Amino acid sequence: MSTRVASIAPVTVHRLMIVDDSNVIRRRIERAHDLPFVEFVGSARNGREALELHARTHPTIVTMDLTMPEMDGNECVEQLVRRDPDIRILVISALADKSTAIDALERGASGFLCKPFTDRQLNDALRKLIEY
Amino acid sequence: MTQEAEVGIFIDSVLGYFNVTVQHMAQCGTPYLAIGRSPEVSDYTAMIKISGKREGIVYFTAPRSMLSVMLMRMQETDMSHENLCDLVGEIANTFAGNARRGFGHQFNISVPTVVYGSKDPVEYPAGTRPIVIPIDWRAYKARLVVCLN
């Protein structure tokens, strides 16, 4: 009698870091994301904290605000991409003009979501980021 | 761009914000120029400095009760003073940031400065006149004040 063992495809777990100077937004993103295989590793209030958190937790996906004190999102995107070219960054900003989005993508972001956003828009954007 | 068109950009930002974030439409009253005296401020006020192609300030002022209900609608359980300050700042930031759709990328916005209390905390740029956009949301009243040169 033979035993059949089903083969299971390896699962990639994505490690999520949230960067925003607003506590309300950080907590909202943490609550609202509902994608499978996404593990929340921590949040940061500005670019400088994000770089420190990145060094400790090695996130693979990031949500990034732009207008923040100390170090803004654009500079942080550049530094994160320089450290880890495979990192995927979703910029989430109230700056709603097209050139801001293009600028973020040129600096290395993988996606752009405009504030305000619904939970569904957030999860759609995160899904695209993972499939990017 | 006419002054009416500029005010319209901010009204669109306000309506979009409430519709998306707390799933309950706000209504904007007729905007007016605050002449002779400063517009009244409420419990929490968040101010954004504007620089670049335009200069001035944009601020949002709202009562504590309104901000608390907004947090509840956002499934937030932390109703602390710090979180109310955070929310009012985030709202002002979103209104001003969304206005770049109309004003363009040279409409630079600062991080918000938040003030608690009803004493007028605002210094208006010389030679400007504040335009007040009244906001009604549920039973609450707030204001967005736009003061650009």
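Chain letters run A, B, ... following the sequence lines, proteins first and then strands; every chain starts at 1. Since the structure is predicted, the reported quantities are computational estimates derived from the model, not experimental observations.
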Pick one of side chain, backbone, both or neither for [X], based on which atoms fall under 4.5 Å of a heavy atom in chain A.
| X | answer |
| --- | --- |
| B/Ser13 | neither |
| B/Ile109 | both |
| B/Asn19 | neither |

Rounded distance (nearest 0.5 Å) linking atom [atom1] of [X] with atom [atom2] of [Y]:
| X | Y | atom1 | atom2 | answer |
| --- | --- | --- | --- | --- |
| A/Thr118 | B/Gln23 | OG1 | CD | 8.5 Å |
| B/Ile91 | A/Ser22 | CD1 | OG | 9.5 Å |
| A/Asp65 | B/Asn93 | CG | CG | 6.5 Å |
| A/Leu95 | B/Asn108 | CG | CG | 9.0 Å |

Below 4.5 Å, heavy atoms only, C-beta onward: do B/Glu90 and A/Ile25 meet side chain to side chain? yes

Is there side-chain contact between A/Cys114 and B/Asn98, with at least one heavy-atom pair below 4.5 Å? yes

Backbone of B/Arg100 reached by a side-chain donor or acceptor of A/Asp97 within 3.5 Å: no

Is atom [atom1] of [X] surrounded by more than 12 heavy atoms (other residues, nucleotides or ligands) closer than 6.0 Å?
| X | atom1 | answer |
| --- | --- | --- |
| B/Arg54 | CZ | yes |
| A/Glu39 | CD | yes |
| A/Arg31 | CZ | yes |

ILVMFWY cluster, [X] and [Y] together (side-chain gap under 4.5 Å):
| X | Y | value |
| --- | --- | --- |
| B/Val20 | B/Tyr140 | no |
| B/Met70 | B/Val14 | yes |
| A/Val24 | A/Leu113 | no |
| A/Val91 | A/Leu51 | yes |
| B/Leu33 | B/Leu148 | yes |

Under the salt bridge (Lys or Arg N to Asp or Glu O under 4.0 Å) test, residues paired with A/Asp119 that sit two or more places apart: A/Arg28

Where do [X] and [Y] come nearest, in terms of heavy atoms and distance?
| X | Y | value |
| --- | --- | --- |
| B/Glu76 | A/Arg27 | OE2-NH2, 2.5 Å |
| A/Pro116 | B/Thr94 | CD-CG2, 3.8 Å |
| A/Asn23 | B/Asp86 | N-OD2, 2.7 Å |

Quick one: what part of A/Ser99 sits under 4.5 Å from any heavy atom of chain B, side chain, backbone, both or neither? side chain

